[in-house]
Engineer: 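Here's a structure for you.
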Amino acid sequence: AGLSVLVQAVFLGEDACKQVRFARVSPEILDYFSLVSLERLSSGVSQRPGRLGFVQFLGNMALPGLQALRLWFYVTVETFWGVVVRPFKKEGIRWDRVVEEISAVGAGAVPLVFLIGFLMGLILVMQTAGSLRAFGAEVYVADMVGISITREIGPLMTAILVAARSGSAIAAEIGTMVVSEEVDALKQMGIHPVRFLVLPKIVALAVSVPCLGVIFNLCAILGGLLFAMVVLGLPWGVYLDHTQAAITQYDILEGVFKCAVFGTLVGQVGCALGLGVQGGSVGVARATTFSVVLSIFLVIVFDAFFVTVFRML
């Protein structure tokens, strides 16, 4: 009887159910089964929300960027305070962790930088040799490779490689620690997470990227030299003399300065987005992807700014 009442309560509704006579079923049971009627179930269904307005759409698009900008500013201030101010208060940087991070983000990237730099120099000479040969000026490929690599291509490509390799790894590492509540545990123990986790990574990148940039420049010049000797038939002494005459100390210092700034940017973005992870593993994946995109974007923007300022000076 109860099963029959349930079936009729669902498919016939509360009013039709009450018209059915069952001697052994009390009115309280009928009222209980009437709660699952189609009328009761359908009455609480809310309408599908309408389409977002233009202002709401812009807000949803801008909010993640503003959140990332706030975290980036916070990490920048803490980094500056930890590097410049705290050493005078006998709260210096933990250099043991800095050395470990240099080994991870610097030494581990040397094979990749060596390969990409060698191929980049080879490609540059390969692409420009045909045009210069028409004017009988193949020897000037050494000048072109030396200047373009040390000033622009070397720092830019090194920063992009570090952002794709180390910046994403930093964001994933810190984001995983946030999700697993390890960062909260550090706070409970009285350890500042930015000073303990973030500062060594940023200092390590600021030191490692200029070294990687120098390695990239040397490998690119070596790749151009190899192609010029084998294909163009240029003596290696002539190629190196033109390279030495084209590159000045100012070009080398400009490239090293750019690499240091780019490495700091990559570290700040990766750490900031890692600290702002929300939503579990999906948030970690989103922060990892966004860190690479934002790092490359900021590197290109700052490179354009430096080119403008240096050329004006």
Side-chain angles (χ1 to χ4, degrees), residues 61-84 93 97-98 100-102 104-106 108-109 112-113 154-179 182-183 192-213 216 255-279 281-307:
M61 293 292 292
L63 189 60
L66 293 176
Q67 180 72 9
L69 183 63
R70 182 185 67 84
L71 291 172
W72 177 69
F73 181 75
Y74 168 71
V75 171
T76 302
V77 172
E78 286 290 337
T79 303
F80 176 80
W81 192 263
V83 173
V84 177
I93 304 172
R97 291 190 55 84
V98 173
E100 293 178 2
E101 296 295 336
I102 290 177
V105 304
L112 180 63
V113 171
L156 195 61
M157 287 298 300
T158 304
I160 292 175
L161 292 175
V162 172
R165 181 187 180 274
S166 302
S168 58
I170 290 174
E173 178 185 352
I174 298 181
T176 304
M177 296 181 68
V178 171
V179 171
E182 295 181 35
V183 176
H192 199 288
V194 175
R195 302 170 197 164
F196 184 77
L197 295 175
V198 174
L199 191 58
K201 296 180 183 299
I202 295 177
V203 174
L205 283 172
V207 174
S208 300
V209 175
C211 299
L212 294 175
F216 187 96
V256 171
F257 174 76
K258 286 183 179 181
C259 287
V261 175
F262 295 162
T264 305
L265 283 175
V266 171
Q268 290 175 346
V269 170
C271 294
L273 294 179
L275 291 174
V277 166
Q278 296 178 353
S281 59
V282 178
V284 175
R286 189 183 300 113
T288 303
T289 305
F290 193 37
S291 67
V292 178
V293 176
L294 186 58
S295 297
I296 295 176
F297 173 76
L298 290 178
V299 164
I300 294 176
V301 170
F302 273 76
D303 182 69
F305 173 75
F306 289 147
V307 169

Engineer: Within a reach of under 6.0 Å around CZ of Phe196, are more than 12 heavy atoms found that belong to other residues, nucleotides or ligands?
Structural biologist: yes

Engineer: Nearest 0.5 Å, please: how far is CZ in Arg97 from CZ in Arg195?
Structural biologist: 14.5 Å

Engineer: Ignoring hydrogens, what is the shortest heavy-atom contact between Lys201 and Glu173? Give both atom names and the distance.
Structural biologist: NZ-OE1, 3.1 Å

Engineer: Check whether more than 12 heavy atoms from other residues, nucleotides or ligands sit under 6.0 Å from atom CD of Glu182, and answer yes or no.
Structural biologist: yes

Engineer: Tell me the closest heavy-atom pair linking Thr176 and Ala172, and the distance in Å.
Structural biologist: OG1-O, 2.6 Å

Engineer: Going by the rule side chain to side chain contact (heavy atoms under 4.5 Å, CB included), which residues pair with Val179 if we only count those two or more places apart in sequence or in a different chain?
Structural biologist: Val277, Val284

Engineer: Report the C-alpha separation of Lys258 and Val307 in whole Å, then their side-chain angles, then the decisive distance to 0.1 Å, and conclude whether the side-chain contact (heavy atoms from CB on, under 4.5 Å) test is met.
Structural biologist: CA-CA 10 Å; Lys258 286 183 179 181; Val307 169; 3.8 Å; yes

Engineer: Quick one: does Leu212's side chain get under 4.5 Å of Met157's, heavy atoms only?
Structural biologist: no

Engineer: I want to check something: taking the side chain as every heavy atom from C-beta on, are Val207 and Val98 in contact at a cut-off of under 4.5 Å?
Structural biologist: no

Engineer: Starting at CD1 of Ile202, measure out to CG of Leu197 and round the result to the nearest 0.5 Å.
Structural biologist: 11.0 Å

Engineer: Specify the closest pair of heavy atoms between Ile296 and Ala163, including all atoms of both residues, with the distance to one decimal.
Structural biologist: CG1-CB, 4.4 Å

Engineer: How long is the gap from CG on Leu112 to CZ on Phe216, to the nearest 0.5 Å?
Structural biologist: 9.5 Å

Engineer: Do Val162 and Val105 have side chains that get closer than 4.5 Å, going by heavy atoms?
Structural biologist: no

Engineer: Can you tell me if Ser291 uses its side chain to pair, donor with acceptor, with the backbone of Thr288 under 3.5 Å?
Structural biologist: yes

Engineer: Provide the closest heavy-atom pair for Ala204 versus Glu101 in the form atom of the first, atom of the second, distance.
Structural biologist: CB-CB, 3.4 Å

Engineer: Please table the atom pairs, donor to acceptor, closer than 3.5 Å between any side-chain atom in residues 259-276 and protein atoms at least two apart or in another chain.
Structural biologist:
unit_1: Thr264; atom_1: OG1; unit_2: Ala260; atom_2: O; d: 2.9
unit_1: Gln268; atom_1: OE1; unit_2: Trp72; atom_2: NE1; d: 3.0
unit_1: Gln268; atom_1: OE1; unit_2: Thr76; atom_2: OG1; d: 3.4

